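Whatever order the structure lists them in is the order used to number ligands and atoms, beginning at 1. Note that this is a predicted model, so its numbers are computed, not measured. Computation of the quantities below employed the complete heavy-atom set of this structure, encompassing side-chain atoms and omitting hydrogens, waters and symmetry-equivalent molecules.
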Amino acid sequence: MSQRPFSDRFCAPHGGQWHLRDIDPAETDGLHGKKKVRKEIKQYAQRMRELQYLLYAEGKHSLLIVLQAMDAGGKDGTIRHVLGYMNPQGCHVAPFKVPTDEEKAHDFLWRVHPHAPGRGRVSIFNRSHYEDVLVVRVHDLVPEAQWRRRYDRINDFERLLADNGTTILKFFLHISPQEQLRRFRKRLENPAKQWKISEADYSERRYWDQYQAAYEDAIARCNTKHAPWFIIPADHKWFRNLAVSRIVVETLEGLNMALPPPSVDIDEIRCKYLAELDQAREPDRQ
Ligand code: AMP
Ligand code: MG
């Protein structure tokens, strides 16, 4: 296995010309098969849970995880299988759908900011403010000059969150069009998944290239040090889960968090508690 941190391996390119089509969505970093890495994924997920406990207890940092992907790219699966290990008490999942009339009447970040994590907390965005330079761009929902200005606004917004102690990780779950079609077919065949199918899923496939171009621009323009983008090969769900959990663990480890010292004098509490316990025992002794 590669010794380089996953966070470096899958960080989106900084500068230069690059295309998503040149990044293999089926890559597995030399690892073979789900069975062998199942244990490893579980270990990372458990470590992630311990680190989230520290984050919560320490109350200094917060973590924002942004998940973006083409339809059937695995956002829901990543939340269920990886991020679902987090303690729900300190974790908030925010899905972003077609904006309501009220949301449309405001600036595009108005609906997003309230979901940013407070200190000690984790927020997971299932889609995000990036939709406003993705679907909005592909379907000309606002004039080009308007969505073009949004890259700067997004960088400013993410800078604001980072300055306030939020660590930001943005994952693009990268699948091939063939894998998307396989997943759509499975949804059609599996009654438990049929509710997920929408006509739009199929019609949006026609815009595959436009979406990929929009993703390339969004990733390139908003791949900052304080809010990096990761391009996760996601045709293999097990590899996607491993990569996301490893990057989250590596990042949280890097915060060097520690349990805070107790806010009270433990010896004093213990003495008091023991004295009370002894008192409570008195009747038994008589
Ligand atoms: P899903 O995530 O499958 O439930 O679908 C949510 C839908 O909402 C997707 O088709 C997104 O493209 C769409 N959506 C999310 N944010 C926006 C936005 N800002 N403008 C237009 N459509 C959006
Ligand atoms: Mg969908």
Side-chain angles (χ1 to χ4, degrees), residues 20 64-84 92-116 123-158 161 168 170-175 177 179-188 190-219 221-222 229 232 234 237 240 244:
L20 281 169
L64 170 61
I65 295 175
V66 170
L67 293 177
Q68 284 287 163
M70 299 294 285
D71 290 315
K75 299 183 300 297
D76 294 342
T78 305
I79 294 173
R80 249 193 340 272
H81 295 292
V82 182
L83 307 170
H92 166 65
V93 180
F96 292 94
K97 310 275 182 189
V98 177
T100 62
D101 286 342
E102 194 190 11
E103 287 168 347
K104 275 188 212 150
H106 290 81
D107 70 85
F108 77 106
L109 293 170
W110 180 79
R111 65 172 183 161
V112 181
H113 207 162
H115 297 284
S123 288
I124 298 162
F125 286 1
N126 184 343
R127 303 186 190 268
S128 65
H129 41 297
Y130 282 93
E131 291 292 324
D132 291 281
V133 288
L134 296 165
V135 63
V136 167
R137 164 175 165 167
V138 171
H139 289 289
D140 291 319
L141 300 182
V142 303
E144 176 168 352
Q146 196 176 335
W147 61 253
R148 280 214 178 270
R149 283 199 298 271
R150 290 181 174 170
Y151 299 116
D152 288 343
R153 296 294 81 75
I154 290 175
N155 286 334
D156 292 343
F157 172 63
E158 293 177 352
L161 301 186
I168 305 171
K170 301 178 298 199
F171 295 105
F172 172 61
L173 309 176
H174 178 42
I175 57 165
E179 177 60 19
Q180 186 193 50
L181 206 53
R182 274 193 289 275
R183 291 184 189 180
F184 282 170
R185 197 178 310 125
K186 276 195 185 149
R187 286 184 182 180
L188 281 175
N190 181 350
K193 290 196 171 175
Q194 284 169 356
W195 69 273
K196 279 194 165 197
I197 303 169
S198 71
E199 176 101 39
D201 290 342
Y202 292 88
S203 55
E204 287 302 279
R205 272 178 64 79
R206 272 190 276 136
Y207 300 97
W208 184 276
D209 290 343
Q210 287 95 318
Y211 269 108
Q212 297 286 296
Y215 267 111
E216 286 167 2
D217 274 351
I219 292 171
R221 286 167 185 269
C222 302
W229 268 110
I232 305 295
K237 295 175 183 176
R240 169 200 79 201
V244 170

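Checked by atom type and distance alone, the side chain of Asp201 pairs as donor or acceptor with a backbone atom of Ser198 at under 3.5 Å.
When heavy-atom distances to ligand 1 are checked against a 4.0 Å cut-off, Val98 comes that close through both its backbone and its side chain.
A salt bridge is absent between Asp107 and Arg153: the closest approach of a Lys/Arg side-chain nitrogen to an acidic carboxylate oxygen does not fall below 4.0 angstrom.
For ligand 1, the atoms sitting less than 4.0 Å from at least one non-hydrogen atom of Val136 are 20 (N), numbered in the order shown with element in parentheses. Ligand-side atoms of ligand 1 in range of Asp132: 19 (N), range being under 4.0 angstrom from any heavy atom. Atoms of ligand 1 lying under 4.0 Å from at least one heavy atom of Arg111, given by number and element, are 16 (N), 17 (C), 18 (C), 19 (N).
None of Glu103, Lys104, Glu102 except one satisfies the side chain to side chain contact (heavy atoms under 4.5 Å, CB included) rule with His106; the exception is Glu102.
For the pair Arg150 and Phe108, the cation-pi test (distance below 6.0 Å, angle within 45°) is passed.
Using the six-membered ring where Trp is involved, His174 and Phe172 have ring planes that are tilted, between 30° and 60° apart.
Distances from atom 3 (O) of ligand 1 to the heavy atoms of Lys104, Arg127, Lys97 show the closest one on Arg127.
Ligand 1 lies nowhere less than 4.0 angstrom from a heavy atom belonging to Ala200.
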